[in-house]
Amino acid sequence: MDDPEKIDFRKTLNLPKTDFPMKANLARKEPEFLRFWEDNKIYQRRVEQNRPNSKFILHDGPPYANGHLHIGHALNKILKDIIVKYKLMKGYYAPYVPGWDCHGLPIELQVDKKLGSKKHDMPLPERRKLCRNYAAGFVDIQREEFKRMGGFGDWDTPYLTMSKAYEAATVREFGKFVRKGYVYQGKKPVHWCPSCATALAEAEVEHADKTSPSVYVKFQVSPGEAAKVCAKAVEGSDKNDKKISIVIWTTTPWTLPANLALAVNPAISYVFVRQGQNDILILAENRYKALKDELALALEPLHALKGRDLVGMQAMHPFIERASQVVAADYVSTEDGSGVVHIAPGHGEEDYKIGLEHGLDVYAPVDNRGRFTDGVAEFAGKFVFKANEDIIETLSGLGALLKRQDIVHSYPHCWRCKKPVIFRATEQWFISMAHEDLRSDALKEIDRVEWHPKAGRNRIYGMVEKRPDWCISRQRVWGVPITLLKCKKCGTHTTDEEALESFINHVSEKGADVWFEKESEALLPAGYTCKKCGADEFDKEMDILDVWFDSGVSHAAVLEENERLSWPADLYLEGSDQHRGWFQSSLLASVGTRKSAPYRAVLTHGFIVDGKGRKMSKSDGNVVSPHEIINRQGAEILRLWVSAADYQEDVKISNEILSRLVEAYRKIRNTCRYLLGNLYDFDPAIVFDPSSLPELDRFALSRLNRLIKQVSKAYDSFRFHEVYHLIYSFCVIEMSSFYLDILKDRLYTMAADSKERRGSQWVLYQVLKTLTGLMAPILSFTAEEVHSFTPAAANQSVFLEPFPKVEEALIDEELESDWMRLIDLRDEVNKALEIKRREKFIGNSLEASVTLYLDEDLRDFLGKYSEDLAMIFIVSEARPADLQNPPSDSGLFQGEVKGSKILVLVERSDGKKCQRCWNWRADVKAGDDGQDICARCKEVLAG
RNA sequence: GGGCCUAUAGCUCAGUUGGUUAGAGCGCGCGCCUGAUAAGCGCGAGGUCAGUGGUUCAAAUCCACUUAGGCCCA
């Protein structure tokens, strides 16, 4: 050092050089790339560039425009983005139009909450305007959040279910259902939230524990009946003195005023059993034991009958003058209760069905606030849940109450206000599943669609097979109106083309608000009169459409209306819960009007759970927020997490998982950085004929092309975790620990412009470009960053590049299998070296000279590689020898390669260490400056 | 309670039509290197394939049940 004469060999080497930072600083630098993409319209340019090519349309399921994004949104949108980017790079015309679901109860409730009591004085159009603004606000928020994740798409022109054009399309599609005769009005019990005063969709109901009174109630059998039907049962007792009663059990005493029947299971056995002095009770035989003590029943039942023998019997309502007939129902079980179910057709789904079968009235004497109507004189005006106690008291006073306790059970609650809901028969609008074979056609279509995973088919099939008619009306304000007017004179609805067309025109011009702003007559064409009676005055239908109808028609409102898109979509991609939601509403909306499914394929992902596999909930405190990850580790890590998981099942996320991914990210990044570092002086204009390259390089190219093939296949089948594993393993196994490690000597020590070094640089260049392209759909930020450092990159952005293409000719099976065998040998040599390292016999592997004692087969195989062995093993010398004549060295390593025994002798090289290339060679001599240098290096330095 | 689904090393994933001692990478432990350096390389230890029972010459793989978990419904 102090000697100025001494050459600093380090300076004579071609060491890697790059400004590409090792530290990614993702959270800080990602926004710069976002700006780059936006400023340069990279997505738009790529889409346009692909316009002449075949289309691939991924139709976005609209998230609800309320609240910030959670990790589930991130999973969904990143998966979509990976697909869109892959298809774009593959050359498909794949515009991605994101959308938002803007109408509906949750937003309305948020707005109502803010308004408080002012809500009642506010005209409807104004409340709707507030809802619109609220939704628009969250569309903006969520849009920014999605964009931050690196997603490509038409963010400036998304589809909104509340836009005029979309609302008009919704009205138009509804009109088609009306014209085709699917739509009918009927009384039916629906989940009803008395607090929100609205019918709720299935999806709007959630189950939670509730404490309810559990009561056993006697329904006395009409005296005449007792004698007839029960003659045998009461034989031997003084029948005239005895009261015979059927025992029912219910947890909703408030439904008793609406009781019209009692259901028994015809197949099971019922017993007559004495209670106290004067009572005989009827209940299921296998409930007798459980209830014996509770109800203070006699020790022995008097008699038993099958349920079917009880059918037709008349019982008397305990406190209303009305008969209640015994009917048969297969679903009645004896798991709890008394084996007899009280039936109120207006207050239960099963009850309703049974009522239909027996011609019972759909009776529901409860108003929209959950209060009894005047129909129930003694409880009129009482809120049903409060009336429970009054009813129980009444029953008790009449001696009809057998038992009362409180139980905690799972009960339906309103998803918004979290209060318990009731079943209540109301006037609703329905789409009939039976009309025009809607159900069977939908089922046929399900089998024409490709479902990923396959189980999705069964899931939606089962649901569509069993689902009831679609209740499409809601008694709320924030939505698309049910555009029907009712003639004031004859009550006929305006279902004709002329009226519906007029409504569509009004809505497309002014938006759906027009329905609430204008008078009925102003919505109709001038001079319009009722088609039935000729009257000209109408009442407006004030119900709005189910939001599932809104989003269900997106195929029509978006795919058909946007000329850049096409119908049907190639793919829908949502969480597996959407088999009941959007996949189904879209299917029905499309089959009903077009007799065909709106999608060719449906891909679903699972739900996100914590590291232990539990679902996330605020109360458990295991919620992971995407913002935190983005701000701490970067959106790139979130994207890598999405890609690494097998999303068709539940996806786990935890700090451990994320930190593993951060490490994997660093490895991929560093591999790219190292490639870049070795290309600082490479001119990509130089083209090499691959066949002229050494085997090692051809092996690397073969592996690289195999990688392209495998990765493409994985992308094509949406198996992104395979993409991740393939790319990552390639970086670690093929590159970092093998090819690149071996190449160091060649790259650093040979003449910068030598054929050998340029050849490997050319290979490294191929590897770099390929890796960048392969990872771009997932690691978009990093791929772009690498691309910006890549020498002579043709395009401004990696997303303007074609996806890497396989060169089949470069995949060489034979070469690969030979080199796999060499790698097996290398593994054995490494084990032998490690032992010597532990013995402190060597440190750096270059200090070693290795002799391999091999059988004839292996020696033959190694023949052509004998010159390359030292390079491959990264030792100073390596030579094959005959296994038959091993030395008597006790330190011989015994190994095995594919069943062949081998022996490895590790010695210290007897040469000297070259101060420049660090190899130990016999030809190392002191140079002019007195430093040891090998002949090869001397030649390089001589130029 | 019903429908659909899942369960392989600490983590993420492989395990072809059931067929030799269940694989990979990471992490972990130990070590080397200091010319990828908040890097790189090597070696090693980790699994009764959720459990139980069955079919079979043979089961992680097929069947049944159980347990745990997820989605959807009741």
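Residue numbering restarts at 1 for every chain, and letters A, B, ... go by the order of the sequence lines.
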Can you tabulate the close N/O pairs, meaning under 3.5 Å, that link protein atoms to atoms of nucleotides 18-23 of chain B?
none

Specify whether [X] and [Y] have parallel, tilted or perpendicular ring planes, treating 30° as the upper limit for parallel and 60° as the lower limit for perpendicular.
X      : Y      : value
A:F720 : A:Y715 : tilted
A:F682 : A:Y765 : tilted
A:Y728 : A:Y724 : parallel

Is the base of B:G35 syn or anti, where syn means the angle lies within 90° of 0?
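Chi for B:G35 falls in the anti range.
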
Select one nucleotide: of [options], the one nearest the side-chain heavy atoms of [X].
X      : options             : result
A:R614 : B:G69, B:U34, B:C26 : B:G69
A:T749 : B:C72, B:C26, B:G35 : B:G35
A:K23  : B:A38, B:G35, B:C13 : B:A38
A:I733 : B:G25, B:G35, B:U12 : B:G25

Are [X] and [N] close enough that a side-chain N or O sits under 4.0 Å from OP1 or OP2?
X      : N     : value
A:K744 : B:G35 : no
A:Y748 : B:A36 : yes
A:K454 : B:C4  : no
A:R580 : B:A74 : no
A:H579 : B:C73 : no

Round to a whole Å and report the spacing from CG of A:N655 to P of B:G27.
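These atoms are roughly 17 Å apart.
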
Starting at CG of A:L764 and ending at C1' of B:A36, how long is that distance when rounded to a whole Å?
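Going from A:L764 (CG) to B:A36 (C1'), I get 12 Å.
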
For atom [atom1] of [X], is the number of surrounding heavy atoms from other residues, nucleotides or ligands below 6.0 Å larger than 12?
X      : atom1 : result
A:E896 : CD    : yes
A:K29  : NZ    : yes
A:K709 : NZ    : no

Short N/O separations, protein against nucleotides 42-48 of chain B, under 3.5 angstrom:
unit_1: B:G42; atom_1: O2'; unit_2: A:E834; atom_2: OE1; d: 3.1
unit_1: B:G42; atom_1: N2; unit_2: A:E834; atom_2: OE2; d: 3.0
unit_1: B:G42; atom_1: N2; unit_2: A:R838; atom_2: NH2; d: 3.3
unit_1: B:G42; atom_1: N3; unit_2: A:E834; atom_2: OE1; d: 3.4

So does [X] pair up with [Y], basic N to acidic O under 4.0 Å?
X      : Y      : result
A:E734 : A:R703 : yes
A:E785 : A:R669 : yes
A:R457 : A:D447 : yes
A:R666 : A:E663 : no

Set of residues satisfying salt bridge (charged side-chain N to carboxylate O under 4.0 Å, His left out) with respect to A:K612, sequence neighbours excluded:
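Listed in chain order: nothing, the list is empty.
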
Taking RNA chain B as the partner, which of residues 642-650 of chain A come within under 4.0 angstrom of it by heavy atom?
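A:A644, A:A645, A:D646, A:E649, A:D650, in order of number.
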
Check RNA chain B against residues 663-674 of chain A and give the residues with a non-hydrogen atom under 4.0 Å, in numerical order.
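Within residues 663-674 of chain A, the residues near RNA chain B are A:E663, A:K667, A:N670, A:R673, A:Y674.
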
Modelled atom types, side-chain donor and acceptor of [X] and [Y], under 3.5 Å:
X      : Y      : result
A:T12  : A:R916 : yes
A:H342 : A:T255 : yes
A:R287 : A:S338 : no
A:Q931 : A:D929 : yes

Take A:L740 and A:I657, find for each the nucleotide of RNA chain B with the closest heavy atom, and name the residue whose nucleotide sits nearer the 5' end.
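Closer to the 5' end of RNA chain B: A:I657.
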
With nearest nucleotide decided by heavy atoms, which residue, A:M735 or A:M463, maps closer to the 5′ end of RNA chain B?
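By nearest-heavy-atom nucleotide position, the 5'-most residue is A:M735.
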
Rounded to whole angstrom, note down the [atom1] distance from [N] over to [M].
N     : M     : atom1 : answer
B:A9  : B:A50 : P     : 8 Å
B:U48 : B:C11 : P     : 13 Å
B:A22 : B:C4  : C1'   : 30 Å
B:G47 : B:A60 : C1'   : 11 Å
B:G18 : B:C57 : P     : 15 Å
B:G25 : B:U8  : C1'   : 16 Å

Contacts under 3.5 Å, N or O only, protein and nucleotides 8-10 of chain B:
unit_1: B:G10; atom_1: O2'; unit_2: A:E656; atom_2: OE1; d: 3.2
unit_1: B:G10; atom_1: O2'; unit_2: A:E656; atom_2: OE2; d: 3.1

So, do A:F607 and B:G70 meet the stacking rule of ring centres under 5.5 Å and planes under 30°?
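It does not: the two rings, one from A:F607 and one from B:G70, miss the stacking criterion.
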
What stems involve RNA chain B, if each pair must be Watson-Crick or G-U and both of its distances must be under 3.5 Å, with 3 or more such pairs in a row?
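Stem segments, range with range: B:1-7 with B:67-73, B:10-13 with B:23-26, B:28-32 with B:40-44, B:50-54 with B:62-66.
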
What residues form a ring pair (Phe, Tyr, Trp, His ring centres under 6.0 Å) with [X], not counting sequence neighbours?
X      : result
A:W582 : A:H59, A:Y572
A:Y64  : none
A:H725 : none

Ignoring hydrogens and angles, are the base of B:C71 and the side chain of A:R459 linked by a donor-acceptor pair under 3.5 Å?
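A donor-acceptor contact between them is present.
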
Can you find an N or O donor on one side and an acceptor on the other, under 3.5 Å apart, linking the side chain of A:T18 with the base of B:A36?
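Looking at the base of B:A36, it does not pair with any donor or acceptor on the side chain of A:T18 (distance under 3.5 Å).
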
Need one value for A:R467: base, sugar-phosphate or nothing, where a base atom within 4.0 Å counts as base even if backbone is also close, heavy atoms only.
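Nothing: the residue A:R467, judged by heavy atoms under 4.0 Å, touches no strand.
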
Classify A:K652 by what it touches in the nucleic acid, base, sugar-phosphate, or nothing, heavy-atom distance under 4.0 Å.
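If one applies the 4.0 Å heavy-atom cut-off, A:K652 turns out to touch the sugar-phosphate alone, with no base involved.
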
If the condition is side chain to side chain contact (heavy atoms under 4.5 Å, CB included), which residues does A:E722 pass it with, not counting sequence neighbours?
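In terms of side chain to side chain contact (heavy atoms under 4.5 Å, CB included), with neighbours along the sequence ignored, A:E722 is linked to A:A714, A:R719.
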
Hey, does the Lys NZ or Arg CZ of A:R908 hover above the aromatic six-ring of A:W920, less than 6.0 Å from the centre and inside 45° of the axis?
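The answer is yes, since A:R908 meets both limits relative to A:W920.
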
Please tabulate, for the side chains in residues 636-643 of chain A, all donor-acceptor contacts under 3.5 angstrom to protein atoms that are two or more places apart in sequence or on a different chain.
unit_1: A:E636; atom_1: OE1; unit_2: A:S780; atom_2: N; d: 3.4
unit_1: A:E636; atom_1: OE1; unit_2: A:F781; atom_2: N; d: 3.4
unit_1: A:E636; atom_1: OE2; unit_2: A:F781; atom_2: N; d: 3.3
unit_1: A:E636; atom_1: OE2; unit_2: A:T782; atom_2: N; d: 2.7
unit_1: A:E636; atom_1: OE2; unit_2: A:T782; atom_2: OG1; d: 2.5
unit_1: A:R639; atom_1: NE; unit_2: A:I778; atom_2: O; d: 2.7
unit_1: A:R639; atom_1: NH1; unit_2: A:D81; atom_2: OD2; d: 3.0
unit_1: A:R639; atom_1: NH1; unit_2: A:M149; atom_2: O; d: 2.8
unit_1: A:R639; atom_1: NH2; unit_2: A:D81; atom_2: OD2; d: 2.7
unit_1: A:R639; atom_1: NH2; unit_2: A:P777; atom_2: O; d: 3.0
unit_1: A:R639; atom_1: NH2; unit_2: A:S780; atom_2: OG; d: 3.3
unit_1: A:W641; atom_1: NE1; unit_2: A:K652; atom_2: O; d: 3.0
unit_1: A:S643; atom_1: OG; unit_2: A:L640; atom_2: O; d: 2.8

